[in-house]
Amino acid sequence: MSHAYRHSSARAVVIGGSMAGMLAAAAIKDLVESVEIIEAHDLPEGPGPRVGVPQAAHIHLLHSGGLDAIESLLPGTVHQLLAAGAHRIPMTTNMVVYSPEGWYRRWQRTTHHLMAASRDLTDHVVRERVLKSPKVNVRTQSKAVGLLGNSRQVTGVRIHTVGQGEAELLADLVIDASGRASRTPIFLAELGVNGLAEDHIDSGLVYASRIYRAPVPNRDWPVISVQADSRLPQPASAGGILPIEGDRWHVSLMGAPGGHPTRDTDDFEPFARTLRHPVIADLLTHAQPLTDVTVTHSTANRRYYYERLSAWPEGLVALGDSVAAFNPLYGQGISVIAQGALALRDVLRNGLVPGVARRAQRAIARPVDVAWALSVGQDIHFSTTTGKRPNLADRLLQRYVSRLSRTATGSFHAATALTDVLTLQASPTSLVRPSVLLSALVGPLRPQLTGPQFTPAELGLVTDLRELP
């Protein structure tokens, strides 16, 4: 019998029916007999909003590193997303990005892609594909209230179901995918597992988002992004327009304390005009708002270092925001979850052998490490950030990355090196390879752009873009 089926009679419980929960189920469904997903709310039938996902109101994108992982876990997902109206956007060919160092060029040689869609659609497609498996069942209106077992071995979950009270659910494997509200640190302490290290680094950025009817055909329309510059004296601000299904634009604006957006609809477009460049505000004057403004204050980076614990119980794994939640400004969240789920599948292929849960937790930490370095490495330089301040090494690294970013405005090689890392397909250490260091030393090979780079066809669709500074 092959290793993959050595534990085909095993039962798994996944806490949370979120994206992390569904991808966890996708990772293990072919390696166990059954997967029971415990979800506190009812799940929507179609691509509608899911209760308990406040971040769904804000722009989401799937970087190529995450998209490749989801496709490996659930073959056919990319095709289904595209058929439902999602956009596969070539990077940097169809991206108009104003970085702190200047405008990035839209290189015609495409090295990466991102998938742009509403969070509701992405959740729906993944959920539908996972729940097609007869091995996967969802138990809604249920919450995990404790773990069964001891400090050496978790044997299941104690759950509370609305209208039914508490019950014990035995399992050979428990996966916590319950998100930012995870209670696993408390549950572990109850089992006698202590000493968990945690980081909480908060830039204080506030998100405000709204969906618009696009004034132009959305197919092949670029992503628009005005990035924050932590070096400026005023509160940091940023914004982006993501083309999504249904010929709509998903627009998110972000601001630090002392200069953040509000949920007042009359303030939304004026706030967009206060960004470092007015391109987003100018585009929105042509678009029709379809929703109110949704505001989120929960943008902190928070991480539990489960992989560092001296003791880790068999039969327990944590995945997704339960392990690490990131500032959504950098768009890493879903991609990190997907890469973690893929790592989980690869480790569990040898069966539920002793030590496999710890190996899985360490494997999940590796993509987290990359995204954490990117997110925290940026956030610590905002003057409003609490939890960590930059040291000399951080400031030197920022200066190098800034020089590399300026080089990327006029160097395809530097732009590709940065994109490799930002799409989670390379480690940040790749930015100090000799060839990349040489690029940064030489600097940009082409003159900097003086404004956003739109194609003649795009300028024809929105004529007053020609007047943009």
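Applying the ring pair (Phe, Tyr, Trp, His ring centres under 6.0 Å) rule to Tyr306 yields the partners Tyr304, Trp312; only residues at least two apart in sequence or on another chain are considered. Judged as a side chain to side chain contact (heavy atoms under 4.5 Å, CB included), and not counting sequence neighbours, the contacts of Ser252 are His58, Ile59, Tyr207, Ser209, Met254. In terms of the ring pair (Phe, Tyr, Trp, His ring centres under 6.0 Å) criterion, Phe271 has no residue partners (sequence neighbours excluded). By the side chain to side chain contact (heavy atoms under 4.5 Å, CB included) test, Gln378 pairs with Tyr330, sequence neighbours left out. With sequence neighbours left out, Asp292 forms a salt bridge (Lys or Arg N to Asp or Glu O under 4.0 Å) with no residue at all.
For the residue pair Thr385/Asp379, the side-chain donor-acceptor check at 3.5 Å is not satisfied. Under 3.5 Å, the side chains of Asn327 and Thr299 contain no donor-acceptor pair of N or O atoms. With hydrogens and angles left out, the side-chain atoms of Thr140 and Glu39 include no donor and acceptor closer than 3.5 Å. Between the side chains of Asp202 and Thr386, no donor-acceptor pair is found at a separation under 3.5 Å. A donor-acceptor contact closer than 3.5 angstrom links the side chains of Asp68 and Gln425. A donor-acceptor contact under 3.5 angstrom links the side chains of Thr262 and Asp267, judged on distance only. Checking Ser298 against Thr296 by side-chain atom types alone, no donor-acceptor pair falls below 3.5 Å. Gln80 and Glu128 are linked by a side-chain donor-acceptor pair at a separation below 3.5 angstrom, with hydrogens and angles left out of the test. Glu101 and Ser402 share a side-chain donor-acceptor pair at under 3.5 Å.
With a 4.5 Å cut-off on side-chain heavy atoms, Ile175 and Val13 do not count as touching. A 4.5 Å side-chain heavy-atom check between Gln141 and Asp42 finds at least one atom pair inside the cut-off. Proximity of Tyr98 to Ile280: side-chain heavy atoms (C-beta onward) are nowhere separated by under 4.5 Å. Taking 4.5 Å as the limit, some side-chain heavy atom of Pro428 sits within range of a side-chain heavy atom of Val370. Under the 4.5 Å side-chain criterion, counting only non-hydrogen atoms from C-beta, His260 is not in contact with Leu205. With a 4.5 Å cut-off on side-chain heavy atoms, Val138 and Leu43 count as touching.
Judged purely by atom type and a 3.5 angstrom limit, Ser182 uses its side chain to pair as donor or acceptor with the backbone of Thr184. Between the side chain of Arg403 and the backbone N or O of Leu441 there is at least one donor-acceptor pair closer than 3.5 Å. Formation of a donor-acceptor pair under 3.5 Å by the Gln339 side chain with backbone atoms of Leu424 is found in this model. Counting only distance, with no hydrogens or angles, the side chain of Arg395 and the backbone of Pro390 share a donor-acceptor pair below 3.5 Å. The closest donor-acceptor contact from the side chain of Ser64 to the backbone of Leu114 lies at 3.5 Å or more, if one exists at all. A donor-acceptor pair is defined here as one N or O able to donate and one able to accept, closer than 3.5 Å; such a pair exists between the side chain of Asn301 and the backbone of Ile201. In this structure, the side chain of Ser322 engages the main chain of Gly179 through a donor-acceptor pair within 3.5 Å. Here the side chain of Arg139 pairs no donor or acceptor atom with the backbone of Ala40 at under 3.5 angstrom. For Gln361 (side chain) and Ala318 (main-chain N/O), a donor-acceptor pair under 3.5 Å exists by modelled atom type. Checking side-chain atoms of Ser99 against main-chain N and O of Gly102 turns up a donor-acceptor pair under 3.5 Å.
The side-chain tip of Arg109 points at the ring of Phe412 from less than 6.0 angstrom away and within 45° of straight on. For the pair Arg248 and Tyr212, the cation-pi criterion (under 6.0 Å, within 45° of the ring axis) is not fulfilled.
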**Study point:** Stepwise side chain to side chain donor-acceptor pair (under 3.5 Å) test for Ser72 and Arg345
**Key:** CA-CA 10 Å; Ser72 179; Arg345 185 190 70 180; 3.1 Å; yes
Practice item. Start with the C-alpha distance between His113 and Ile89, add both sets of side-chain angles, then the distance that settles side chain to side chain contact (heavy atoms under 4.5 Å, CB included), and finish with yes or no. Key: CA-CA 5 Å; His113 288 81; Ile89 296 172; over 6 Å; no
Check your understanding: Could you go step by step and tell me if Asp282 and Arg273 meet the salt bridge (charged side-chain N to carboxylate O under 4.0 Å, His left out) rule?
Key -> CA-CA 8 Å; Asp282 287 333; Arg273 198 160 291 284; 3.0 Å; yes
**Study point:** Residue pair Leu449, Arg105: steps toward the side chain to side chain contact (heavy atoms under 4.5 Å, CB included) verdict
**Key:** CA-CA 8 Å; Leu449 297 169; Arg105 288 179 178 273; 3.8 Å; yes
Check your understanding: Would Val216 and Trp249 count as a side chain to side chain contact (heavy atoms under 4.5 Å, CB included) if you check the C-alpha gap in whole Å, the side-chain angles of each, and the deciding distance to 0.1 Å?
Key -> CA-CA 10 Å; Val216 295; Trp249 282 350; 3.8 Å; yes
**Study point:** Stepwise side chain to side chain contact (heavy atoms under 4.5 Å, CB included) check, Val14 with Val174
**Key:** CA-CA 6 Å; Val14 175; Val174 174; over 6 Å; no
Check your understanding: Going through the distances and angles, do Asp369 and Arg303 end up as a salt bridge (charged side-chain N to carboxylate O under 4.0 Å, His left out)?
Key -> CA-CA 10 Å; Asp369 284 340; Arg303 180 177 184 180; 2.6 Å; yes
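Distance check, rounded to the nearest 0.5 Å: NZ of Lys135 to CD of Glu36 gives 14.5 Å. In this structure, the separation between OG on Ser142 and CD1 on Ile37 is 12.0 Å, given to the nearest 0.5 Å. From Gln332, atom CD reaches atom CG of Leu422 across 6.5 Å, with rounding to the nearest 0.5 Å. Distance check, rounded to the nearest 0.5 Å: OG1 of Thr122 to CZ of Arg127 gives 10.5 Å. Note that OG of Ser118 is 5.0 Å distant from CD1 of Ile244, once rounded to the nearest 0.5 Å. Residue Thr423 holds its OG1 atom at 12.0 Å from CG of Leu62, rounded to the nearest 0.5 Å.
Heavy-atom contacts from other residues, nucleotides or ligands closer than 6.0 Å to NZ of Lys143 number 12 or fewer. Residue-environment remark: NE2 (His79) stays at or below the threshold of 12 foreign heavy atoms within 6.0 Å. When the shell of 6.0 Å around CD of Glu45 is examined, it contains 12 or fewer heavy atoms from other residues, nucleotides or ligands.
When each of Thr93, Asn94, Thr92 is paired with Arg106, the side-chain hydrogen bond (donor to acceptor under 3.5 Å, both in side chains) condition holds for Asn94 and for no other. Checking each of Val317, Leu348, Val136 against Ile28 for a side chain to side chain contact (heavy atoms under 4.5 Å, CB included) leaves exactly one that passes, namely Leu348.
Under the 6.0 Å cut-off for aromatic ring centres, His277 and Trp103 qualify, their centroids lying closer than that.
Residue pairs satisfying the ring pair (Phe, Tyr, Trp, His ring centres under 6.0 Å) criterion with at least one member in residues 361-386, sequence neighbours excluded, are absent.
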